[in-house]
Engineer: 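Handing you this structure, nothing more for now.
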Amino acid sequence: MPSFSITRLALAFLLGTGPFSSEALTHTVPIQATVPSNASKTVDLSFTGFAFEQSSFYNYSFDEQGKPNKFSQNLVDAVLSRTGGTPLLRVGGTSGDHGRYDASQKNATNYPATKYGPQTKISGNRLAIGPSFFKAFKNWPGAKFELMVPFYNTAYSHSVEWARAGVDKIGVDNLYALELGNEPTFYPWFSVKEYVKRYGNLQARLIAAIPSLAGKRIFQAFDTASYAAGDLTTKPAFQDGLNANASSIKQVAYHYYQNQHGVADFTGLQNYIRHTATKSNLTNFLPDIRYLKDNHSAIGFAFTETGYTVGGSGGSDYIKTNNFASALWSLDFQLCALSMGVSRVNWQQILRSDLQMWRPVTSSLGGPRVTPHFYSQPFVADFIGKSGKTKVVELDNIGNPQNGLVSGYAAYDDGKLARIALLNLELWDSQRSSGGRPNATFSLLGIMGTGSNITVHHLTADNGALAQNNVTYSGLEWTWASRGKEKKVKDDSKILEMNSTDVEINVNATQAVLLEIR
Ligand SMILES: *[C@@H]1O[C@H](CO)[C@@H](O)[C@H](O)[C@H]1NC(C)=O
Ligand SMILES: *[C@@H]1O[C@H](CO)[C@@H](O)[C@H](O)[C@H]1NC(C)=O
Ligand SMILES: *[C@@H]1O[C@H](CO)[C@@H](O)[C@H](O)[C@H]1NC(C)=O
Ligand SMILES: *[C@@H]1O[C@H](CO)[C@@H](O)[C@H](O)[C@H]1NC(C)=O
Ligand SMILES: *[C@@H]1O[C@H](CO)[C@@H](O)[C@H](O)[C@H]1NC(C)=O
Ligand SMILES: *[C@@H]1O[C@H](CO)[C@@H](O)[C@H](O)[C@H]1NC(C)=O
Ligand SMILES: *[C@@H]1O[C@H](CO)[C@@H](O)[C@H](O)[C@H]1NC(C)=O
Ligand SMILES: *[C@@H]1O[C@H](CO)[C@@H](O)[C@H](O)[C@H]1NC(C)=O
Ligand SMILES: *[C@@H]1O[C@H](CO)[C@@H](O)[C@H](O)[C@H]1NC(C)=O
Ligand SMILES: *[C@@H]1O[C@H](CO)[C@@H](O)[C@H](O)[C@H]1NC(C)=O
Ligand SMILES: CC(=O)N[C@H]1CO[C@H](CO)[C@@H](O)[C@@H]1O
């Protein structure tokens, strides 16, 4: 039995309530009707981005008949149409950084992502892209791109050729940012001083070769690897030279993977999604977020390559973390990041991997599918809303005891309370847990008078944490069968009238709710 159950029993005992009383699990949540002074900056409607490993992007863009991939298009639209934001797609990664542009190559890539993982110089068979690679960028209606150009090789001519072909085919107006390299802290020559020197040189060469880049805020710096965040931070890099380039930098990017090798067992999965872990991990980035806000307020802070785990591992009880629990983690991570002033999060897609939100075509791993991890995205988008005037706060100090099993956030539109997200991160799974599904009650204090009705939408899976199918958000499902178009499969939303009392909301273990206040 996982240890959190023991905590619950112990607390129930201390409070003199029976072990099956739901009283011990009532969390009071103070709510402010108008936006608190320490709320986030105004949220970008394009917060919910996607990222594609360069070697996989072509296969995400076309279907098996060589037509634009409607399934991919529909899934991106399912998220971004909820806020009205521009889809921002990052196309980058180690495969491209170690790769080269070959103007004479007929195929888009020299090996298909359906059969090979991202190849790098290290694994011998590095990526080569040909001119037809850039046709893929035409298949994403309304999108703008964060295009990585190689930086790993010291011969800048490769980077310039790659960038010239890319900017030419994509069009500078569809380019959100030109990213110089990937995870530079792994470069053999890396030091902060050397990085800023070479960054300045490469940027100057690119501008000289591609005049349409001149005078624009269009470059993306850093793309620091997850777990190396301390090796390339903002203040020293800007002070050591990037200040000279600050007016051309659009965003500073970091990569983030919640863990490195998957989780060994169910208890490990609980620790992985615990809010306290997510929050303390994100807090490490606050000095960088604040430095940019205070010193270069026009430069955004983005997690441009993000996933739940960067590697896999074996073990008898090893749990593949692309499951419903990791969708809840992804939700908590993004809402927490919003509250801390992160500009956007791009979720990494690699065709032959476990971490993607969907598989666009058949590969040696199986047919096209939407993975459970996708389901965080429509929720995050609805939480942001369409107003373009949204600010977010974390609802602090909820959860008694403070064990990271619950979290909550409020969204304010133009200063007024509009939406609340409540997460119950206590793990429950129909196969792994004994007994019925626990639940927690959130008592919302001070919500009275903020509206007349509350609509409650659930993000849930009947089978709980390890579910791969039958996941729903607001009763909606997205599948390959519907080609990524939403389909109503159940009606589990409800409308509560606001009365003269505080509102109590019940949230099952391994479930989240979005409250819309009207
Ligand atoms: C915002 O202020 C409230 C109280 O005014 C405090 O509880 C909370 O920790 C603050 N949040 C942040 C992110 O500073
Ligand atoms: C180009 O791709 C086709 C399949 O799409 C493959 O049959 C062919 O071998 C590839 N050519 C090269 C030179 O890689
Ligand atoms: C995958 O992409 C390669 C080019 O990189 C292409 O030759 C191949 O036809 C694509 N496969 C599918 C199933 O779309
Ligand atoms: C970037 O900085 C370098 C010096 O490090 C300078 O040569 C270059 O002109 C700068 N470019 C821009 C666009 O500011
Ligand atoms: C996040 O927190 C967990 C638990 O403390 C830790 O194992 C993991 O390494 C952290 N990840 C990052 C990217 O900081
Ligand atoms: C950054 O901005 C803060 C607040 O305005 C200021 O105190 C600090 O000196 C600035 N730091 C640098 C390195 O410019
Ligand atoms: C919560 O869990 C209970 C017990 O499994 C179940 O009957 C109920 O339908 C669930 N509620 C929601 C909204 O999922
Ligand atoms: C919540 O759990 C308690 C205790 O198991 C149970 O009595 C109650 O019916 C549950 N409530 C809901 C709404 O599922
Ligand atoms: C609130 O809900 C009630 C009952 O469903 C409905 O009559 C009323 O129009 C709703 N009010 C608003 C502001 O949506
Ligand atoms: C408001 O009162 C109605 C009627 O008594 C009740 O059905 C409803 O659940 C109450 N709403 C809330 C949010 O407590
Ligand atoms: C109850 C329900 O909707 N079950 C579905 C769960 O998912 C599987 C696989 O997609 C379907 O076959 C079931 O019908």
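One-based numbering, in listed order, for ligands and for the atoms of each.
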Engineer: Between the side chains of Thr362 and Glu64, does any donor sit under 3.5 Å from an acceptor?
Structural biologist: yes
Engineer: Which protein non-hydrogen atom lies closest to atom 5 (O) of ligand 3, naming both residue and atom, and how far is it?
Structural biologist: Thr109 OG1, 2.5 Å
Engineer: For atom 7 (O) of ligand 5, what's the nearest protein heavy-atom neighbour? Residue, atom name and distance, please.
Structural biologist: Gln258 O, 4.9 Å
Engineer: I'd like to check atom 9 (O) of ligand 2 in this structure: does the protein have a heavy atom lying under 4.0 Å from it?
Structural biologist: no
Engineer: How far is atom 11 (N) of ligand 3 from the closest protein heavy atom, and which atom is that?
Structural biologist: Asn59 ND2, 2.9 Å
Engineer: For Lys138 and Ser61, which I'm curious about, is there any donor-acceptor pair between the side chains at under 3.5 Å?
Structural biologist: no
Engineer: Using modelled atom types only, decide if a donor and an acceptor are shared between the side chain of Asn424 and the backbone of Val507 within a distance under 3.5 Å.
Structural biologist: yes
Engineer: Strictly under 6.0 Å, is that where the ring centroids of Phe151 and Trp189 end up?
Structural biologist: yes
Engineer: Taking Ser72 as the fixed residue, which of Trp140, Tyr60, Trp358 is the one that meets the side-chain hydrogen bond (donor to acceptor under 3.5 Å, both in side chains) rule?
Structural biologist: Trp358
Engineer: Would you say the side-chain atoms of Thr309 pair up with the backbone N or O of Asn259, donor to acceptor, closer than 3.5 Å?
Structural biologist: yes
Engineer: Yes or no: does Tyr257 have any heavy atom under 4.0 Å from an atom of ligand 5?
Structural biologist: yes
Engineer: Quick check on contacts: which atoms of ligand 3 are under 4.0 angstrom from a heavy atom of Asp63?
Structural biologist: 14 (O)
Engineer: Identify the closest protein heavy atom to atom 4 (C) of ligand 2: which residue and atom is it, and at what distance?
Structural biologist: Asn107 ND2, 4.7 Å
Engineer: Provide, to 0.1 Å, the distance between atom 14 (O) of ligand 5 and the closest protein heavy atom, together with that atom's residue and name.
Structural biologist: Asn281 CG, 3.3 Å
Engineer: Nearest to atom 13 (C) of ligand 3, what protein heavy atom do you find, and at what distance?
Structural biologist: Glu64 CG, 3.7 Å
Engineer: Near Tyr256, which atoms of ligand 5 are under 4.0 Å from a heavy atom of that residue?
Structural biologist: 13 (C)
Engineer: Just checking, is any N or O donor in the side chain of Tyr375 or Gln377 under 3.5 Å from an acceptor N or O on the other one?
Structural biologist: no
